[in-house]
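So the structure is just underneath, and the comments pick up after that.
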Amino acid sequence: MRDAVTTARRVVVKIGSSSLTTATGGLDDERLDALVDALDTRTADGREVVLVSSGAIAAGLAPLGLARRPRDLATQQAAASVGQGLLIGRYAAAFARHGRTVGQVLLTVDDVTRRAHYRNAYRTLRKLLDLRAVPIVNENDTVATQEIRFGDNDRLAALVAALVDADLLVLLSDVDALWTDNPSRPGARRIAEVRDESDLAGVDIGGAGRSGVGTGGMVTKVEAARIATGFGIPVVLTSATQAVAALAGEPVGTFFHPSSTRPAARLFWLAHATSPRGRLHLDPGAVAAVVGRRKSLLPAGITAVDGAFTAGDPVDLVDTAGAPVARGLVNYDAVELPGLLGRSTSDLAAALGPAYEREVVHRDDLVLL
């Protein structure tokens, strides 16, 4: 038995589209009920479960007469708007059989990178758990644009696990474990444990999933495991059919061992959940202050600005060679900054007013890369 699994009090479970839907795109009631039954065995003794569920776009395909997952964002959003209601409705009915209430939580990247939004997301999830409800999390596909998408729900699940300070992340899909090669090929063997990157050397992780209704594959699951274990959270990767055994701590699938430390959760989100909207070029003194002394970034240390960002957006801070050294939430619009570069905050305050005495990136909104 895996002690890290059996002792976990708060678990994030991610289920992929291929494990919830039929080949034509509709929800598979039998599979969904089996998942809910498995999760109920975990929560029966008071332990907490957060479910990150794919399947909204896939569930919306058949009702809209779509034969396959659309490629364009607008049609994906339309399918999600139809499928999300069907998905949460089925979950509500399935959990009601066990006397449990569910709460829907739809997130975009902005919801967990901007300081106030991040606190709101955490408070909502925390209150749902306190009220003994099961939070069901998905990306808000109906409004998320390409620039503010997580990309896949494996990554979202790892970041939600960090957000709620989970003790365990379980990734369920249509593959029973991480293998050294395609499981159908002779000589392929299951990897029971991953302790560090050396255990992945020579492993053919492959490409996208085989069902055609999801976006992920083994690549996204391994990357999600890297993110979660980097936050100190152990990960189990296995198939949905082995969910009961995995949650009971039986040695199924692949177990990823966690790192020994946990960074600050919101900054962890900033590093892993965001894509930079621009770049700030730093002089050597600013690099030393930000990286070496963990100081805020001031206008005096910036030599150039790239991108079309607004205040609150994530930007990369790059050194004189153009290499990113940190990422932070900027306090100015891109059009404001060129006239401020190289000037001290006291000089700016005297010339332009006290509003310009603020940092370009505050150290509390900055993470080293």
Side-chain angles (χ1 to χ4, degrees), residues 109-110 112-115 118 146-151 155 158-159 162 196-198 200 219 222-224 226-232 259-349 351-352 355-369:
V109 168
D110 274 358
V112 288
T113 54
R114 297 178 187 269
R115 182 182 297 175
Y118 175 89
Q146 202 62 44
E147 290 76 22
I148 60 170
R149 293 175 70 88
F150 291 100
R155 184 166 170 243
L159 296 167
D196 53 42
E197 286 295 318
S198 65
L200 298 175
V219 171
V222 170
E223 181 56 31
R226 286 191 178 108
I227 293 172
T229 55
F231 193 72
S259 65
S260 57
T261 59
R262 288 193 174 190
R266 193 176 68 86
L267 296 184
F268 192 79
W269 272 90
L270 181 59
H272 292 283
T274 62
S275 297
R277 310 285 175 82
R279 304 200 308 169
L280 306 180
H281 294 259
L282 278 55
D283 64 27
V287 172
V290 169
V291 177
R293 303 196 300 277
R294 304 296 179 94
K295 297 291 187 179
S296 298
L297 176 63
L298 303 178
I302 304 172
T303 59
V305 177
D306 299 332
F309 49 83
T310 59
D313 282 343
V315 296
D316 275 355
L317 281 53
V318 304
D319 61 18
T320 54
V325 296
R327 183 171 298 165
L329 302 181
V330 66
N331 287 323
Y332 292 89
D333 295 347
V335 295
E336 292 181 276
L337 281 174
L340 312 181
L341 304 189
R343 302 171 65 180
S344 70
T345 52
S346 58
D347 174 45
L348 290 170
L352 302 174
Y356 287 87
E357 198 167 9
R358 67 189 187 276
E359 306 87 348
V360 177
V361 179
H362 192 276
R363 63 184 180 184
D364 290 344
D365 293 325
L366 188 151
V367 61
L368 301 184
L369 299 178

[X] vs [Y] side-chain heavy atoms within contact, under 4.5 Å:
X	Y	value
Pro314	Leu329	yes
Phe268	Ile227	yes
Thr320	Val287	no
Leu368	Arg294	yes
Leu337	Leu280	yes

Keeping [X] on the side-chain end and [Y] on the backbone end, is there a donor-acceptor pair under 3.5 Å?
X	Y	answer
Thr303	His281	yes
Asp333	Val335	no
Tyr332	Arg358	yes
Asp316	Val318	no

Can you tell me how far apart [atom1] ([X]) and [atom2] ([Y]) are? Round to the nearest 0.5 Å.
X	Y	atom1	atom2	value
Lys295	Glu359	NZ	CD	11.0 Å
Leu297	Ile302	CG	CD1	4.0 Å
His362	Leu298	NE2	CG	10.0 Å

Which heavy atom of [X] sits nearest a heavy atom of [Y], and at what distance?
X	Y	answer
Ala326	Leu366	CB-CD2, 3.9 Å
Arg327	Leu369	N-CG, 4.0 Å
Val290	Leu282	CG2-CD2, 4.2 Å
Leu348	Pro299	CD1-CG, 3.7 Å
Leu267	Asp364	CD2-O, 3.5 Å
Phe309	Asp306	CE2-O, 3.5 Å

Review point. Can you check side-chain contact (heavy atoms from CB on, under 4.5 Å) on Leu340 and Leu352, steps first, answer last?
Key: CA-CA 10 Å; Leu340 312 181; Leu352 302 174; 3.8 Å; yes
Check your understanding: Taking atom CZ of Arg363 as the centre, does the number of heavy atoms from other residues, nucleotides or ligands within less than 6.0 Å exceed 12?
Key ->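 No, because the 6.0 Å sphere around CZ of Arg363 holds 12 heavy atoms or fewer from other groups.
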